[in-house]
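Written below as structure tokens is the structure these notes are about.
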Amino acid sequence: MSTPNERKYAHLRPVVTAWYPTDAAEFRAIYQWDNPRAPEYRLEGLASMTDDQIHDLAQALQDAVIEAPSQLGVLWGAVIDQGRRVTQGGPA
């Protein structure tokens with residue numbers, strides 16, 4: 001069953017799916033490369049994630065665009081925090 005926002009913004013789903021593909025290889029090709037304009041530790045955070053975790057992240061990002069855009073920063077923040085912990089030797 002879809003939510004009112006999903007129905008209202010259904011036309012955006014193909015765009016959101018292209019932005020955040022749930023296929024881990026596609027997602028990594030878009031976001032997991034050394035980009036000096038990306039937030040620090042994003043690369044490391046993504047590199048430390050399994051394909052299943054990348055799939056779940058992509059799905060959460062897709063849903064956030066439609067349902068709760070303010071959560072996009074929270075989701076990417078979790079990736080960045082993961083990268084920081086991995087890089088600094090803390091618990092993952």
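This structure is a prediction, so every number in the text was calculated from the model and none was measured. For reference, positions follow the sequence shown, starting with 1. Any value given below was found using the heavy atoms of this structure, including those in side chains, with hydrogens, waters and symmetry copies removed.
Closest approach of A18 and I30 over heavy atoms only: O-CD1, 3.8 Å. Nearest heavy-atom pair, P14 versus H11, reported as atom, atom and distance to 0.1 Å: CD-O, 3.4 Å. The shortest non-hydrogen separation linking A58 to P21 is CB-O, 3.2 Å. Of all heavy-atom pairs spanning E67 and P69, the tightest one is C-CD, 3.9 Å.
Here the side chains of D23 and H55 are not in contact, with every heavy-atom distance at 4.5 Å or above.
One finds the CG atom of L12 at 7.5 Å from the CH2 atom of W19 (value rounded to the nearest 0.5 Å). Summarising the geometry, atom CD1 belonging to I80 is positioned 12.0 Å from atom CZ belonging to R85; distances are rounded to the nearest 0.5 Å. Going from atom CG of D51 over to atom CG of D56 covers 11.0 Å, rounded to the nearest 0.5 Å. Between atom CZ of residue R84 and atom CD of residue E44 there is a gap of 10.5 Å, rounded to the nearest 0.5 Å. Taken from OG1 in T22 to CG in D52, the straight-line distance is 11.5 Å, to the nearest 0.5 Å.
The cluster map of Ile, Leu, Val, Met, Phe, Trp and Tyr, joined by side-chain heavy atoms under 4.5 Å apart, puts V74 and V65 in different clusters. The hydrophobic clustering, which links ILVMFWY residues whose side-chain heavy atoms are closer than 4.5 Å, places W33 and I54 apart. In the hydrophobic clustering of this structure, L57 groups with L72; members are Ile, Leu, Val, Met, Phe, Trp, Tyr whose side-chain heavy atoms approach within less than 4.5 Å, directly or through other members. Residues L61 and I66 share a hydrophobic cluster, clusters being chains of Ile/Leu/Val/Met/Phe/Trp/Tyr side chains in contact below 4.5 Å.
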Check step by step if side chain to side chain contact (heavy atoms under 4.5 Å, CB included) holds for R13 and Q62.
-> CA-CA 8 Å; R13 187 55 71 175; Q62 287 179 16; 3.4 Å; yes
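Applying the ring-ring contact (aromatic ring centres under 6.0 Å, His included) rule to Y31 yields the partners Y20, F27, W76; only residues at least two apart in sequence or on another chain are considered.
With hydrogens and angles left out, the side-chain atoms of S48 and Q82 include a donor and acceptor closer than 3.5 Å.
Under a 3.5 Å cut-off, the side chain of R28 and the backbone N or O of L46 do form a donor-acceptor pair.
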